[in-house]
Amino acid sequence: MKKLITPLLIALPLLMSAQQTVDERVEEILGRMTIEDKIGQLNQMDGRRDIEKVKQEVREGTLGSIMNIVDPAVTDELQRIAVEESPSGIPILFARDVVHGFNTVLPIPLGMAASWDDALIETTARNTAIEATEKGIRWAFAPMMDIARDARWGRIAESFGEDTYMAGRLAVAVVKGYQGESLTDPMSMAACAKHFVGYGDAEGGRDYNTTSIPPRTLRDVYLPPFKACVDAGCASIMTSFNDNDGLPSTGNRWLLTELLRDQWRFKGLVVSDWGSVAGLIPHGVARDKRDAAQQCIVAGCDMDMSSRSYLLHMKDLIEKGEVDVAVLDAAVRRVLKLKVELGLFDNPYARKVEKSEIYSDSVLDAACRLAEESVVMLKNESVLPLGENVRRILVAGPMADAPYDQMGTWALDGDKKHTVTPIMALRELCGDKVEIEYIPALTHPRDKSTAEFKALAKAARKADVVLAFVGEEQMMSGEAHSLSSLDLQGAQRQMLEELAAVGTPLVTVFMAGRPMTIAPQVEISDAILYAWHPGTMGGKALANIIFGHVNPSGKLPVTFPRNVGQIPIYYNHKHTSHRAKGTEGNLDNIPREAPQSVMGHTSSYLDVAPSPLFHFGYGLSYTTFEVSDLVIENKEVTADGNIKVSVMLKNTGSREGTEVVQLYTGRKTASVTQPLKELKDFKRVTLAAGESCKVEFEVPVSRLAFHNRDMVPAVEPGNYTLTVGTDSQSGLRTYFQIMN
Ligand code: NOJ
């Protein structure tokens, strides 16, 4: 674009007729661009560099998007340079990893998922957008919807857990919250569904590693959450680092074009992950950046995040005819379209704020509610909630006051000064009614020192109850932070053993970025709360639960293994020919020199029971619920119909509580092997003590489709089981039939 048209761009809104569609506007802008302008739009770079250099690149028109600048004075200045001084006058799109909250940090996504509350997730995502847009961010790299069945993988923290339906439903809630009613709203940001695709299946849980997901599993397990986001209007998609069966995602034309664009009709922008265009070189499928750029743009990756491969080589590739100019134009159109939709051509600057919502009361309150709902009570031997009789509490452990760690991974904009830790909240809540002694004993979770343990035991003897806060640091999970052991680190196990030996009731609270292997600690504790990394308001949420001001309602979004050797372990595994059963997993009971067959022939380990420690969907409450009267209205349905189901839910305890009613379907016989059961719907229901209500579900039969023997997505006629309960392993069961 010639510089002389810059004033024209500034006046663009006035010249554009109100009727002009987004596409027309895009074409008009595209029509004025030079090849250099176009290539510049496909280049995204980090802004955390020498700012003068960044300004110069903006001036030269070589940046379409900049990441990680969160100072509106700086984004505004860069924007001014872009529209007034760059050759094309096209505004910059500012992006950031806004993964779970912005300044106000929400629970890590795995914790959010434990709430099973898509409505609250949408509300808090909206708050997040309001905070982030205040700082000039209009594009967020979230939601992350990788299916994660291996807790060694550090990024399980960023995921919604192991279930496909749940990941899709919660990801859509984030998309809706971020994008709001309209992207043009200055409080909205474009969402980015990531990582496309299969990244969560990294071999051995080692981040960035290869995946070997077969085509049917890819389509039935890993792709549907992305499809759900595409259908919900998600503005962008990020490719993944992994190769699947030999093809790195960023250069996979089948994935990015044939499936995403041709079949799913995705109209948004595809961005690579950080350096993943050039990542084709170490993957060993591209010779150099030029080759990588050619492969990725042809595959359908529009924007190159931080590798500069497009910037350096696209012009030559076009000139030599190795990339068709139509391919370049298609990618540029998608960048321009998003910028038009966000209203950047009308007002590129950060929105002006009359009253800041950052850390506002309502934003903090919603974050606290989400943190409360994300806490899963795994055990309670009549200790919790603490009652009037509790006069003296010992608070122990390295996570009782870890304001940084409790924010979890990807809390880039959270300020630990705003974190409410458990000890702060407990002191505030108890005032002078309860005496609190606080002995952290360990300075951080990896601390191996046992020096304080004697004093700890002495204090525990004097206390009515011990609250021990253990877990893992923020640094133990997230990108490139995988672990081979999921046991508590440092001297935490020993600390809990010392405390348990005293005999004072022991409540153990875990804060972690993943399911840890906690069987011994469950055994010796009287109550267990699993709080994940709960974010800014985590301490308050926990204090409210511990004292019964809030009744826990979280349910596991992921299976807890007994030991690392059980991984991968997930509830919706396939039927096998030798179903796991029978073995107790006790090596001592195995006879010596007996015939090989005495152990039976089942798909189990000899040294650990086949069941997990805690299964998907599990979580306790201070009250009890009973599910009864399962009625299926239409026992015979057609593929285009809905299954109408109801149960009665009764709060059979003595206080108000919330239950998550879960609906699973399964089938024994199909053209291809099937999971034992699969989650197809869920509802959170709050009932007063003694209250009952009818809980109704209407599940579209199309939700039961899978890729059949011909690899066609289809609802197969036949007999199905349907279970409604309060976790994945119990509930009332009935049958229905899908008719031809
Ligand atoms: C790499 C991560 O994989 C991705 O999730 C993130 O959005 C980008 N870096 C940008 O920071």
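Counting convention: from 1, in listed order, for ligands and their atoms alike. Note: hydrogens, waters and symmetry copies are ignored here, and every other heavy atom, side chains too, is used.
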Per-ligand residue contacts, ligand 1, heavy-atom threshold under 4.0 Å: Asp97, Phe141, Arg155, Lys194, His195, Met238, Phe241, Asp273, Trp274, Met305, Trp410, Glu479
Run Asp329 and Lys38 through salt bridge (Lys or Arg N to Asp or Glu O under 4.0 Å) and show every step you take. CA-CA 7 Å; Asp329 282 355; Lys38 291 177 183 176; 2.8 Å; yes
With sequence neighbours excluded, residues passing side-chain hydrogen bond (donor to acceptor under 3.5 Å, both in side chains) with Gln179: none
Do any N or O atoms from the side chain of Gln79 and from the backbone of Pro348 form a donor-acceptor pair under 3.5 angstrom? yes
Applying side-chain contact (heavy atoms from CB on, under 4.5 Å), can you list everything that pairs with Val353, at least two apart in sequence or on another chain? Glu134, Arg351, Ser356
With sequence neighbours excluded, give me every side-chain hydrogen bond (donor to acceptor under 3.5 Å, both in side chains) pair touching residues 254-266. Arg261-Asp302
Within a reach of under 6.0 Å around NZ of Lys416, are more than 12 heavy atoms found that belong to other residues, nucleotides or ligands? no
